[in-house]
A.B. asks: 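Got a structure for you, written out below as structure tokens; questions coming shortly.
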Amino acid sequence: QDTLIVWSEAENYDLALSFQEKAGCDEIWEKICQVQGKDPSVEVTQDLIESEEEHIEEMPETSPLIDLPTCELNKLEEIADLVTSVLSSPIRREKLALALENEGYIKKLLQLFQVCENLENTEGLHHLYEIIRGILFLNKATLFEVMFSDECIMDVVGCLEYDPSLAQPKRHREFLTKTAKFKEVIPITDSELRQKIHQTYRVQYIQDIILPTPSVFEENFLSTLTSFIFFNKVEIVSMLQEDEKFLSEVFAQLTDEATDDDKRCELGMDDLQVRSAATDIFSYLVEFSPSMVREFVMQEAQQSDDDILLINVVIEQMICDTDPELGGAVQLMGLLRTLIDPENMLATANKTEKSEFLNFFYNHCMHVLTAPLLANTSEDKCEKDAVVGSTKSNTICPDNYQTAQLLALILELLTFCVEHHTYHIKNYIMNKDLLRRVLVLMNSKHTFLALCALRFMRRIIGLKDEFYNRYITKGNLFEPVINALLDNGTRYNLLNSAVIELFEFIRVVSPAAAPALRGTPSSLKNKDVKQLLSHLLPTFKGLKTKYEQEKDRQSQKLNSVPSILRSNRFRRDARALEEDEEMWFNEDEEEEGEAVVPPVEKSKQEDDFPDSYEKFMETKKAKESEDKENLPKRTSAGGFKFTFSHSASSANGANGANSKSVAAQTSPASSNSSSSKNTALSPAVPAPKGSLVGLVDYPDDEDDDEEEETSPRKRPRLGS
């Protein structure tokens, strides 16, 4: 089932394997079918289900219905087994539903419920719970009409109180009859409307409160119940609209200054219950007709200021949500997403709803949505946080989980805009320099927020748009990404993988990678990111050169060690290994060509060692002071930041004399690790303007491409 493999191992015992991507699911499915000797092109291979379905399909349409046991107390267990056994077969569910409907069986079962409750027959009540729950899962509207009638619904709720898995029965009927009160703002005189409102409330209670959350295999069992509730609500709204007096009286009381505050429940009140109710009403309106809501807000814009527009009120309520988990903000964000989704916008011969509404939204509402993001990424904010003494340079996000969550929500909505809107969001990003401001969040201490910022950039790059690519390269907008990767150190986590995936995507969709990607989908061949590739290529080549030089150096050192030390029979103490690693870290990187040979015998050279050592240290200090200018600056966290050259010659792609090399080092906290070695570009490979150092190996010739094609690609590691 797309990304699921499901199977049954026993009666009413289903299992599933869930995959993130369909490709992985298909691969495992083929291996399972290979072991079982099945055809992987067949969607259902389980013998039991297949033979059962074939047997049922061969039955003539005039075959008799399922024979129901007599509705008696001593038959309840048999009835429960029958109901639960048919749920796995659509045809048997249909036949059982017809039998229940034709024989008036449900009302007989509910009479038995009253008998069992009077007799305190716990076993019978548990069987009735299974029976009623199973009948609901038959997903038949005709049965719902019977079960949810005024005559039966409270007994149905009563049956569902006796869940066998609970030590004590629930008290749902007591809540519905005593706690829940029906309040009328305006008296409703239509008895049919009142009955429909009561029924809808109780059925919604059954779905949301009483029934357990459906599993993957039960999601479709209650689809008709969801539709039943939805059409009930539609009918209620229609009946209210047709009532000539009701709506006029409601608005008359709302506008009457004599109406007291207790009766006036407006959207703008701070009362949480009122706000929650208003959000629910708004969600029903958006669900019922998003086009109607869009038409209203566009008409409203012609008569009102931006501050009181309905969309802006909704955005402000989202921003000001006091819930620590932002439950209300998440709900409102989903509603905004529905309203700005072009997929549900109408296009007619006279006008296009998409262009009109998006023009309205970006002119009147987008500035309200992005206000918290821009406020938390301003230069003043950065300077203020730097004064406080943050552990990271340019850290902007305050140590506030709720603020980070809000910014993540806003970024999620903006990412949706990048994916589904065209020039509207592009113009906004360019004019506001929005991507630069978003990437400031890469410094956040909250990793989930940094990932949201990275995901926003990834969606932009994924569009392979020439204007976006030029905007990124001219603004050196890869710099905060690389710096975040360096701050992340040697930790192999989601941030590390996401950054590498970003650069891997650029490599994959570029024409230069074609020899190694003969199976590239045609959709990726139409567009490329050559501009981004040329921007990054010199840096990655330089890093690769440095990596190869380091490998040669280590090889030379290993070859100079006596064979007895390389023998597997000679085991060194673990502390000695750590001391050797510490010595390696303290070596000067400029002495790349020297091989360190441990002394084996005493000689005259040892007598001269103090003089030689003093000369060595003098040379070393002179070299260090000479190169001090070219070293990267250490951050307050102890790590190093990249410095980007901005010379005119490097901007033109020339290896100018003013181009500076780029170096990186992990924080001291991880300097004990063998993977935390210094990594620097060779001076022979100057970094052009805007060039970056990353951790993705880039093939610089066709031989490398072929090698990459035939051998598995290893994940590059910092300083490896």
A.B. asks: Can you find a pair of side-chain heavy atoms, one from Ile425 and one from Met366, that are under 4.5 Å apart?
C.D. replies: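 Yes, close enough: below the 4.5 Å cut-off.
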
A.B. asks: Are any side-chain N or O atoms of Asn496 and backbone N or O atoms of Asn488, one a donor and one an acceptor, separated by less than 3.5 Å?
C.D. replies: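 The answer is no, because no donor-acceptor pair under 3.5 Å joins these two groups.
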
A.B. asks: Measure across Ala453 and Leu411 and return the closest heavy-atom pair with its distance rounded to 0.1 Å.
C.D. replies: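 Reported closest heavy-atom pair: N-CD1, 3.7 Å.
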
A.B. asks: Would you find a donor on one side and an acceptor on the other, under 3.5 Å apart, between the side chain of Asp465 and the backbone of Tyr468?
C.D. replies: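 It does hold such a pair.
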
A.B. asks: Pair Glu356, Arg294 - check salt bridge (Lys or Arg N to Asp or Glu O under 4.0 Å), show working.
C.D. replies: CA-CA 10 Å; Glu356 289 188 0; Arg294 284 192 287 262; over 6 Å; no

A.B. asks: Can you tell me how far the CG atom of Leu439 sits from the CG atom of Leu454, to the nearest 0.5 Å?
C.D. replies: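 Answer for the CG-CG pair, Leu439 versus Leu454, is 8.0 Å.
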
A.B. asks: Can you tell if the side chain of Glu21 reaches within under 4.5 Å of the side chain of Thr3, non-hydrogen atoms only?
C.D. replies: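 Not touching, per the 4.5 Å side-chain cut-off.
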
A.B. asks: Apply side-chain contact (heavy atoms from CB on, under 4.5 Å) to Ile429 and Val418, showing your working.
C.D. replies: CA-CA 9 Å; Ile429 290 174; Val418 168; 4.0 Å; yes

A.B. asks: From Leu435 CG over to Met430 CE, what is the distance, rounded to the nearest 0.5 angstrom?
C.D. replies: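 With rounding to 0.5 Å, CG (Leu435) is 9.5 Å from CE (Met430).
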
A.B. asks: Would you say Gln402's side chain and Asp321's backbone share a donor-acceptor pair under 3.5 angstrom?
C.D. replies: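 Yes.
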
A.B. asks: Could you tell me which non-hydrogen atom of Asn469 sits nearest to which non-hydrogen atom of Lys464, and how far apart they are?
C.D. replies: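 Closest approach of Asn469 to Lys464: ND2-C, 4.3 Å.
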
A.B. asks: If you define the side chain from C-beta out and look only at heavy atoms, does anything of Phe416 sit under 4.5 Å from Ile340?
C.D. replies: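 Contact flag for Phe416/Ile340 side chains = yes.
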
A.B. asks: Tell me the closest heavy-atom pair linking Leu335 and Thr279, and the distance in Å.
C.D. replies: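 Smallest interatomic distance, heavy atoms only, reads CD1-O, 4.4 Å.
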
A.B. asks: Quick check: do Leu451 and Thr447 have side-chain heavy atoms less than 4.5 Å from each other?
C.D. replies: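 Yes, at least one pair of side-chain atoms sits under 4.5 Å.
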
A.B. asks: Looking only at atom types and distance, does a side-chain atom of Ser289 sit under 3.5 Å from a main-chain N or O of Met292, one as donor and one as acceptor?
C.D. replies: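 Yes, because the side chain of Ser289 sits within donor-acceptor range (under 3.5 Å) of the backbone of Met292.
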
A.B. asks: Heavy atoms, side chains only, cut-off 4.5 Å: are Lys432 and Thr370 in contact?
C.D. replies: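 With C-beta onward as the side chain, the pair stays apart.
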
A.B. asks: Between Ser355 and Thr352 (side chain of the first, backbone of the second, donor and acceptor by atom type, cut-off under 3.5 Å), is there such a pair?
C.D. replies: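 Checked: pair present.
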
A.B. asks: Would Asp341 and Arg337 satisfy salt bridge (Lys or Arg N to Asp or Glu O under 4.0 Å), going step by step from the backbone distance to the final call?
C.D. replies: CA-CA 6 Å; Asp341 187 356; Arg337 185 170 176 161; over 6 Å; no

A.B. asks: Could you report the tightest heavy-atom contact between Arg436 and Tyr471, atom names first, then the distance?
C.D. replies: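 Shortest heavy-atom separation between Arg436 and Tyr471 comes out as N-OH, 3.6 Å.
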
A.B. asks: What is the ring orientation for Phe503 with Phe478, classed by angle as parallel under 30°, tilted 30 to 60°, or perpendicular over 60°?
C.D. replies: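 Judged by the thresholds at 30° and 60°, the geometry between Phe503 and Phe478 is tilted.
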
A.B. asks: For side-chain contact (heavy atoms from CB on, under 4.5 Å), just list the numbers for Glu412 and Cys452, CA-CA rounded to whole Å, side-chain angles, deciding distance to a tenth of an Å, and then say yes or no.
C.D. replies: CA-CA 7 Å; Glu412 184 179 342; Cys452 287; over 6 Å; no

A.B. asks: Do any N or O atoms from the side chain of Asn344 and from the backbone of Thr338 form a donor-acceptor pair under 3.5 angstrom?
C.D. replies: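 Yes; at least one donor-acceptor contact below 3.5 Å.
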
A.B. asks: What's the spacing between Met298 CE and His364 NE2 if we round to 0.5 Å?
C.D. replies: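 Going from the CE atom of Met298 to the NE2 atom of His364 covers 10.5 Å.
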
A.B. asks: How many angstroms lie between atom SG of Cys365 and atom CG of Asn312, to the nearest 0.5 angstrom?
C.D. replies: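 Separation between the atoms: 4.0 Å.
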
A.B. asks: Is the backbone of Leu310 close enough, under 3.5 Å, to the side chain of Glu300 for a donor and an acceptor to pair up by distance?
C.D. replies: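 Yes, the answer is positive, given that a donor and an acceptor are paired below the 3.5 Å cut-off.
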
A.B. asks: Is there a side-chain contact between Leu373 and Leu434 in this structure, where contact means two heavy atoms from C-beta onward sitting under 4.5 Å apart?
C.D. replies: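 Of all side-chain heavy-atom pairs linking Leu434 with Leu373, at least one is under 4.5 Å.
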
A.B. asks: Give a yes-or-no answer on whether the side chains of Glu30 and Gln34 include a donor-acceptor pair shorter than 3.5 Å.
C.D. replies: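 Per modelled atom types, Glu30 and Gln34 side chains form no pair under 3.5 Å.
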
A.B. asks: Given side-chain contact (heavy atoms from CB on, under 4.5 Å), test Val297 with Leu309 step by step and report yes or no.
C.D. replies: CA-CA 7 Å; Val297 296; Leu309 293 178; over 6 Å; no

A.B. asks: Step through it carefully: locate the ring centre of His424, locate the ring centre of Tyr428, and say whether they are under 6.0 Å apart.
C.D. replies: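 Centroid distance His424-Tyr428: not below 6.0 Å, so no.
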
A.B. asks: Can you check whether Thr377's main-chain N or O pairs, donor with acceptor, with Arg437's side chain at less than 3.5 Å?
C.D. replies: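 Pair found, side chain donor or acceptor close to backbone of Thr377.
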
A.B. asks: Would you check if there is a donor-acceptor pair between the side chains of Tyr362 and Asn427 at a distance under 3.5 Å?
C.D. replies: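 Tyr362 and Asn427 do not have a side-chain donor-acceptor pair below 3.5 Å.
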
A.B. asks: Rounded to the nearest 0.5 Å, how far does CE of Met318 lie from CD1 of Ile410?
C.D. replies: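 Output value for this atom pair is 5.0 Å.
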
A.B. asks: Are Leu441 and Asn376 packed together at the side-chain level, in the sense that at least one heavy-atom pair is separated by less than 4.5 angstrom?
C.D. replies: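 They are not in side-chain contact.
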
A.B. asks: Quick check: does any side chain N or O of Arg458 sit under 3.5 Å from a backbone N or O of Leu502, one acting as donor and the other as acceptor?
C.D. replies: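 No; judged by distance alone, with no hydrogens or angles, the pair does not exist.
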
A.B. asks: If you take all heavy atoms of Val314 and Phe282, which pair is closest and at what distance?
C.D. replies: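 Answer, listing the atom of Val314 first, then Phe282: CG2-CE2, 3.8 Å.
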
A.B. asks: Evaluate the salt bridge (Lys or Arg N to Asp or Glu O under 4.0 Å) criterion for residues Glu548 and Lys551: first the C-alpha distance (whole Å), next the side-chain angles of each, then the deciding distance (0.1 Å), finally the verdict.
C.D. replies: CA-CA 5 Å; Glu548 291 172 347; Lys551 282 205 304 184; over 6 Å; no

A.B. asks: Are Met442 and Leu495 packed together at the side-chain level, in the sense that at least one heavy-atom pair is separated by less than 4.5 angstrom?
C.D. replies: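 Sidechains of Leu495 and Met442: in contact.
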
A.B. asks: In Å and rounded to the nearest 0.5 Å, what is the CG to CD1 distance from Leu477 to Ile472?
C.D. replies: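 Interatomic distance, Leu477 CG to Ile472 CD1, rounded to 0.5 Å: 6.5 Å.
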
A.B. asks: Side-chain atoms of residues 323-331: list all donor-acceptor pairs with protein atoms under 3.5 Å, sequence neighbours left out, distances to 0.1 Å.
C.D. replies:
| unit_1 | atom_1 | unit_2 | atom_2 | d |
| --- | --- | --- | --- | --- |
| Asp323 | OD1 | Glu325 | N | 3.2 |
| Asp323 | OD2 | Gly327 | N | 3.0 |

A.B. asks: Report the relative orientation of the aromatic rings in Phe361 and Phe357; use parallel for angles under 30°, tilted for 30 to 60°, perpendicular for over 60°.
C.D. replies: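 Taking Phe357 first and then Phe361, their aromatic rings lie parallel (interplane angle under 30°).
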
A.B. asks: Take Ile311 and Leu336, measure what side-chain contact (heavy atoms from CB on, under 4.5 Å) needs, and give me the verdict at the end.
C.D. replies: CA-CA 8 Å; Ile311 297 292; Leu336 286 174; 4.1 Å; yes

A.B. asks: Minimum heavy-atom separation for Ala408 and Phe448, please, with both atom names.
C.D. replies: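 Between these two residues, the closest heavy atoms are CB-CE1, 4.0 Å.
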
